[in-house]
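Written below as structure tokens is the structure these notes are about.
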Amino acid sequence: MYQYDEFDHAHVRQRTEQFRGQVARRLSGELSEDEFRPLRLMNGVYLQLHAYMLRVAIPYGTLSAVQMRKLAHIARVYDKGYGHFTTRQNIQYNWPKLEELPDILGELAEVEMHAIQTSGNCIRNVTADQYAGAAADEIEDPRIWAEIIRQWSSLHPEFSFLPRKFKIAITGSPTDRAAVKVHDIGLRMHLNAAGDPGFEVLVGGGLGRTPMIAKTCRAWVSKHDLLAYLEAILRVYNLHGRRDNKYKARIKILVHELGIDEFRREVDEEFEHLRDGALVLPVEEVARIEKHFAPHPFETLPVKSDVLLSYRSVNFDFARWYAVNTFPHKADGYRIVNISLKPEGGVPGDATADQMDAIADIADRYSFSEICVAHEQNLVLAHVKQDDLFTLWQKLVELELATPNIRQITDIISCPGLDFCTLANARSIPVAQRISQRFSDLKRQWNVGDITLNISGCINACGHHHVGNIGILGVDRKGEEYYQITLGGRADENAQVGKIIGPAFPYDDVVDAIETVVETYLDARTEGETFLETYDRVGQEPFKEKLYATA
Amino acid sequence: MTLQAITANRLGDGLSVFLAEDGSWSTDFAQSRVVEDGEAASLEDAGEAAVAANHIVGPYLIDVEAVEGGYRATKYRERIRIDGPSRETRPGDHKHGDHKPGANRAA
Ligand code: SF4
């Protein structure tokens, strides 16, 4: 894992002390709320419906066990005993006191964490594949480049006041688990014809009011050129991005209005100036960062574990959990474990302080002290020996963290919605909870199979509803909560925005509507077809008919 | 006739508060001062004064209606603000402890 150098340490300490002074001046009245707001936002502090909210950055979603314990400690001491992991691979606390926020940031700084770049019109915390460094299909660990981008973008003077916020996602695998196509810039590592690893650079993706799938700006950019190429994109955006209209300020609108060809032409022009200049990192610097992400000292193990096989054959629950929640690892004898934060009726992404502590202990014992946050609001222990899986599973069961539902219908992505968020039109979490209860029968879930269901409480789409196979969007109809359903969205390498199926449903009917959608799929599917495959084959009609037949 | 109350967040801890009958800002909506909308200016004045005194942030009026035993906010958004997050805690949950059901005004 990356460890702070002197610069990082000094910077974070300095920012914490600066914020301490700002908070003191706010509390004494020297600063008005209007003056203070931008300062607190720069430190990840929002004012929400019930209280302040602190968003802590987890760069590319990777945490050490020590950091996880600190997050637990903060939840316990300064908050109400839990935290909420978000689709940005961050953690949010819902109840911090302004008076205590400087202390919280001080505690975070002790473990090399902070809340910088979690708000404002800057380059936000870079997100990455949650299986980074572990996935069997990975070319290289994308976090090396995520970290390099973090260092380049942190406090970049030219890019501190962009037209709008800017989000970059990166994957080192051909399979996209990081939803790179719905980010301002998406980076997908692949090999060129000569067999060299580089990045496909996608640009102009995004959700929100105007969802768009990113377009390829350049099919392959070498690692050597990456920062110069990114800087070229940012420059073109910074120059032409619409600062006059908040709704048109994201890069996706610029790319759309200019057209990808003209946009690319301007980027290329800029790139020619920047190329081979100051933005080429010295080889030693890349090597220094690479060292932080060097593969763990995996043992040499057989491909298949006999211990694992025997437990799988005698314990059905374990076998199902193994099949649904674990994933192939690049090292023989290891497995990637997903920790579901979606228990039946639970709040998607919430973890209690006790759970966080326990996960840290488990990570220490079984997974090289490393934990990753998935953008689907689950946690990942990426490097578990197959021999250890059964014991680990038993521990997770005790902690209520072993729900075998990864990529099943109850593995719901949900934004905080109106239960916490001032911008919300409608609640998200209780809808997720009710759907989770409706489909609580695991056999039924497994029968439905691979599916994604995402919920947002307003058009800002923090819950990625546009790219859920089933998407739910909360809207306000004359002061009542209504929910619009979209079908056919996906966030992978074939990303696609879902289509609205028809008129919205009131709060009390939305769970029934989702069940109808699922039943319609089950009736229509042919052997082995996933929800998406069936939907792509039969189209919207059968779903419409069933949903609105009696209406 | 519309009835109104006024809410804000407390500066120091951020919690939602309501101007109470006794002029204090209380986290308990049940204590709220409720006026007819013609008199809302008095609530706003109190809000401005509390902002100036560094006690609260972002005061705004909310519509309320009389119900049996007291008042409740007209809009569900404000009801959630009053009651706390509406999500259910599940059995065996390590209790979030931030939901205050039935905090709407009693007699
Ligand atoms: S989607 Fe809307 S309601 Fe949900 S967290 Fe984002 S801004 Fe809030």
Q: Apply salt bridge (charged side-chain N to carboxylate O under 4.0 Å, His left out) to the pair A/K342 and A/D411, showing each step before the final yes or no.
A: CA-CA 6 Å; A/K342 320 285 174 67; A/D411 184 8; 2.6 Å; yes

Q) chain A contacts: which residues in residues 2-13 of chain B have a non-hydrogen atom closer than 4.5 Å to it? A) B/N9, B/R10, B/L11, B/G12, B/D13

Q) Is chain B contacted by the side chain of A/P416, its backbone, both, or neither, given a heavy-atom distance below 4.5 Å? A) neither

(Q) Looking only at side-chain N and O atoms, does A/S32 offer a donor or acceptor that is under 3.5 Å from a partner on A/D34? (A) no

Q) Within 45 degrees of the axis of the six-membered ring of B/F29 and under 6.0 Å from its centre: does B/R81 put its NZ or CZ there? A) no

Q. Chain B contacts: which residues in residues 46-55 of chain A have a non-hydrogen atom closer than 4.5 Å to it?
A. A/L47, A/Q48, A/L49, A/H50, A/A51, A/Y52

**Q.** Side chain B/S26, main chain B/D28, donor-acceptor under 3.5 Å
**A.** yes

(Q) Checking side-chain polar atoms at under 3.5 Å, does A/N454 have a donor or acceptor matched by the opposite partner on A/H465? (A) no

**Q.** Residue list, side-chain contact (heavy atoms from CB on, under 4.5 Å) with A/N43, at least two apart or on another chain
**A.** A/R15, A/F19, A/Q22, A/L105

Q) A/R26: what forms a side-chain hydrogen bond (donor to acceptor under 3.5 Å, both in side chains) with it, not counting sequence neighbours? A) A/E33

Q) Are any side-chain N or O atoms of A/S428 and backbone N or O atoms of A/G457, one a donor and one an acceptor, separated by less than 3.5 Å? A) yes

Q | Check: B/L19 main-chain N/O paired with B/R33 side-chain donor or acceptor under 3.5 Å | A | no

Q | Donor-acceptor contact below 3.5 Å, side chain A/E481 vs main chain A/G474 | A | no

